[in-house]
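Structure, as structure tokens:
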Amino acid sequence: MELLNQLLADTITLRELYKKHHWQVAGPTFYQLHLLFDRHAERQDELVDAIAERIQLLAASVSRWLMTWRR
């Protein structure tokens, strides 16, 4: 679970870096880079959701197991 939490934090950080660069890009390749960073940020957003949902599922499974084990 600890590794998944770290992966989630790293993925969120990467998403935010892509967004930061998406907003700050300038120059002759502005449009292409703007789209590229936006696409990468969207993909990271999908990964954040998937990882967070997995963590929630695993946490619920562990909680159910502990409740059963304590009986």
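Start at 1 with the first residue, then count along the sequence. Atom set for the values below is all heavy atoms of this structure, side chains included, hydrogens, waters and symmetry mates excluded.
Note on L35 and Y18: same hydrophobic cluster, where clusters join Ile, Leu, Val, Met, Phe, Trp and Tyr whose side-chain heavy atoms are under 4.5 Å apart, directly or indirectly. Under the 4.5 Å side-chain heavy-atom criterion for grouping Ile, Leu, Val, Met, Phe, Trp and Tyr, L36 is connected to F30 within one hydrophobic cluster. When the side chains of ILVMFWY residues are joined at heavy-atom separations under 4.5 Å, either directly or via intervening members, L4 and I12 end up in a single hydrophobic cluster. Following chains of ILVMFWY side-chain contacts shorter than 4.5 Å, one can reach V48 starting from L58, so the two form part of one hydrophobic cluster.
Under the rule for a side chain to side chain contact (heavy atoms under 4.5 Å, CB included), the partners of D10 that lie at least two apart in sequence or sit in another chain are Q6. Shown here are the side chain to side chain donor-acceptor pair (under 3.5 Å) partners of R39, two or more places apart in sequence or in another chain: there are none. Qualifying side chain to side chain contact (heavy atoms under 4.5 Å, CB included) partners for D38, counting only residues two or more places apart in sequence or in other chains: K19, H22, E42.
Residues M1 and N5 have side chains in contact (heavy-atom distance under 4.5 Å, counting atoms from C-beta outward). Side chains of I51 and I55 form a contact here, defined as non-hydrogen atoms less than 4.5 Å apart.
For the atom pair L14 CG and H40 NE2, the distance stands at 9.5 Å (nearest 0.5 Å). Interatomic distance, L47 CG to Q44 CD, rounded to the nearest 0.5 Å: 5.0 Å. Atom CG of L7 and atom CZ of R54 lie 12.5 Å apart (nearest 0.5 Å). A distance of 11.5 Å separates CD of Q32 from CZ of F37, quoted to the nearest 0.5 Å.
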